[in-house]
Amino acid sequence: MAQPKKTMNAKKKADRLTYILFLTPAVLAFTLVIAIPFFQGIYYSFTDWDGISKAAPKFVGLINYIDAFKDSRFLYSAQVTLIFGIINFVLVNIVAFGLALLVSSKLKGRDIYRAGFFLPNLIGGIVLGYIWQFIYNSVFPTFPSAWFKTNLFLVNPKLSVWALAITSTWQYAGYIMLIYYTALQNVPNDLLESASLDGATWWQRLTKIIMPMIAPTFTITLFLTLSNSFKQFDVVLSLTNGGPSMMYGGKAINATELLAVNIYNTASVQNNMAIAQAKAVLFFIALAVISFIQTSMTRRKEIES
C-alpha cells in the first residue's frame, strides 16, 4: 500500500510543478507590466515627479489631486466621459443583442452576416478613426438631406460625442454580438417551441424565457462594454483628437476630450506627469466603483431571474 501512496504523491508534486511552470510567465508578465507600474503610479501621484529628472521625487501630499480637481478641462472630461459612456453602453448592447438575435434566426446566409458584423472589431482603433473621419467629413455631406450638410458631426460640439458613440458601436458591437450569440445557442429550442404552442408571443418568449436564461451573459457583456466605453482612447485620438473646441466655465476646452485623452495630454503635451498620475488614480477609482455597482446589480438580477 505504501508504493501507490508514494506514486500518488510524486504525481501531485509533478502536477504542481507543471502548474507553476505554466503560470510563472503569465504572473511575471502581469507583475512587471501591470502590478509594479500601477503601484509606482500611485506613489508618483503624491510626489513632484516630472518623468525626466534623475533626482528622487519629493513627497507633496494631496497637492496633485487638488490641482486635478481645480482643472476645468479635467472636470469637463469626467462629465463628457460619463455622457459618452452611457450612450455607448446602451447603443453597443442594444445593437449587439439585436444582431445576435438576427444571426440566431433562420435567416439565410446568417454565417456570412455573423462574420461581417464581427469584422469591424478586427480594425485597429487608429485606422478606424481615420476611416470614419472620412465618412463624416466627405461622405455624409454628399447625402441629399440638408441636415447632413448643415450638421457636420465632427465640428459640432453637440454631435461630436454622438459621432464617437456611433463609431465605437460600429467597431465593438460585433464582438459583443458573438458573446450574446454563444449564450443564445444554449437556450433549448424545445422550450421555445413549447411556449409558442402555448400561445406565447415572440416578445413574451424573449423577455420571459430567453433573457432570464442568459442573465449571466448580460453581466459579462455589460461589464465589458462599460469598461470599454470609459477607456476609449485610440478612436478619439484619430477621429476628433479631442475636438472640436467649445466654451466651458469661461474657458476654451475640447468637446470630446475623454478622460483617457485628458490624462494623456496632461502627461505628454503639458508635461505634468505627477498631476497626470493623480488623474489616472482618480479615473481608476471611479471606474472600479462604477464597475462594482454594475456587476452587483446584474448579479442580483441573475438571482431574481
Side-chain angles (χ1 to χ4, degrees), residues 19-82 84-85 124-126 129 164 223-224 226-243 245 248-295:
Y19 299 151
I20 293 173
L21 289 174
F22 274 103
L23 284 173
T24 297
V27 173
L28 185 62
F30 176 83
T31 303
L32 294 177
V33 178
I34 296 178
I36 293 177
F38 174 76
F39 289 108
Q40 279 184 327
I42 295 176
Y43 165 71
Y44 286 140
S45 69
F46 293 100
T47 68
D48 63 350
W49 180 63
D50 59 7
I52 300 174
S53 176
K54 294 183 179 180
K58 296 179 181 179
F59 184 79
V60 296
L62 297 174
I63 290 178
N64 294 324
Y65 290 90
I66 295 172
D67 290 342
F69 280 112
K70 288 180 179 179
D71 185 358
S72 58
R73 290 181 60 180
F74 176 69
L75 296 178
Y76 173 79
S77 292
Q79 177 183 322
V80 75
T81 300
L82 181 62
F84 168 78
I126 298 295
L164 282 175
F223 171 77
L224 290 174
L226 185 68
S227 59
N228 179 72
S229 298
F230 279 85
K231 294 185 296 183
Q232 280 290 340
F233 176 77
D234 48 359
V235 173
V236 180
L237 203 64
S238 58
L239 183 61
T240 66
N241 197 24
S245 298
Y248 177 82
K251 295 183 179 180
I253 60 170
N254 291 326
T256 59
E257 189 180 64
L258 304 187
L259 276 173
V261 179
N262 179 268
I263 293 169
Y264 167 78
N265 288 335
T266 303
S268 300
V269 179
Q270 302 172 23
N271 200 31
N272 293 324
M273 294 291 185
I275 297 178
Q277 284 294 341
K279 290 180 178 180
V281 172
L282 292 172
F283 184 28
F284 168 78
I285 294 172
L287 186 57
V289 170
I290 293 172
S291 299
F292 176 77
I293 294 172
Q294 177 264 312
T295 52

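From a predicted model like this one, the values you see are computed outputs, not experimental measurements.
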Enquirer: Return the OG to CD1 distance between S268 and I263, rounded to the nearest 0.5 Å.
Expert: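 CD1 of I263 is found 11.5 Å from OG of S268.
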Enquirer: Considering all heavy atoms of both residues, which atom of T47 and which atom of N64 are nearest to each other, and what is their separation?
Expert: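 Heavy atoms of T47 and N64 come nearest at O-ND2, 2.7 Å.
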Enquirer: Do F84 and T256 make a side-chain contact, defined as non-hydrogen atoms from C-beta onward lying under 4.5 Å apart?
Expert: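 Side chain of F84 against side chain of T256, heavy atoms only: no contact under 4.5 Å found.
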Enquirer: Looking at S45 and I42, would you say the former's side chain and the latter's main chain have a donor-acceptor pair under 3.5 Å?
Expert: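 Between the backbone of I42 and the side chain of S45 there is a qualifying donor-acceptor contact (under 3.5 Å).
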Enquirer: Looking at F22, I'd like to know if its CZ atom is crowded, meaning that more than 12 non-hydrogen atoms belonging to other residues, nucleotides or ligands lie closer than 6.0 Å.
Expert: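 No.
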Enquirer: Heavy atoms only: give me the nearest N254-S245 pair and the separation to one decimal.
Expert: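 Scanning both residues, the minimum pair turns out to be OD1-OG, 3.9 Å.
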Enquirer: Looking at every non-hydrogen atom in both residues, tell me the closest pair between Y76 and A255 and how far apart they are.
Expert: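 Closest approach of Y76 to A255: OH-O, 2.8 Å.
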Enquirer: Evaluate the side-chain proximity of F233 to V261: yes if any heavy-atom separation is below 4.5 Å, no if none is.
Expert: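 In short, these two side chains touch, coming nearer than 4.5 Å.
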Enquirer: What's the separation between atom CE in M273 and atom OG in S53, rounded to the nearest 0.5 Å?
Expert: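 Here the interatomic distance stands at 12.5 Å.
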Enquirer: Closest approach of A267 and A276, non-hydrogen atoms and distance?
Expert: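 For A267 versus A276, the nearest heavy atoms are CB-CB, 3.6 Å.
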Enquirer: Compare all side-chain heavy atoms of L282 with those of Y65 and state whether any distance is below 4.5 angstrom.
Expert: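 L282 vs Y65: side chains touch.
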Enquirer: Could you pull out the closest heavy-atom pair between S72 and Y248, with the gap in Å?
Expert: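 Reported closest heavy-atom pair: O-CE2, 3.8 Å.
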Enquirer: Hey, what do you get for CG (N262) to CZ (F283), rounding to the nearest 0.5 Å?
Expert: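 That separation rounds to 10.0 Å.
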Enquirer: With a 4.5 Å limit on heavy-atom distance, are the side chains of L82 and F230 in contact?
Expert: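 Yes. Closest side-chain heavy atoms under 4.5 Å.
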Enquirer: Which heavy atom of L164 sits nearest a heavy atom of L239, and at what distance?
Expert: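 Distance-wise, the nearest heavy atoms are CD2-CD2, 3.6 Å.
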Enquirer: To the nearest 0.5 angstrom, please state how far the CG atom of N228 sits from the CZ atom of F223.
Expert: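 These two atoms lie 11.0 Å from each other.
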Enquirer: Which value, rounded to the nearest 0.5 Å, describes the distance between E257 atom CD and N265 atom CG?
Expert: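 Result: 5.0 Å between the selected atoms.
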Enquirer: Rounded to the nearest 0.5 Å, what separation is found between the CD atom of Q79 and the CZ atom of F74?
Expert: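 Between Q79 CD and F74 CZ, I get 12.5 Å after rounding to 0.5 Å.
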Enquirer: Indicate yes or no for a side-chain donor-acceptor contact from D71 to the backbone of R73 under 3.5 Å, with no hydrogens or angles considered.
Expert: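 Yes; judged by distance alone, with no hydrogens or angles, the pair exists.
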Enquirer: Take L287 and L259 through the test side chain to side chain contact (heavy atoms under 4.5 Å, CB included) and record every step on the way to the result.
Expert: CA-CA 11 Å; L287 186 57; L259 276 173; over 6 Å; no
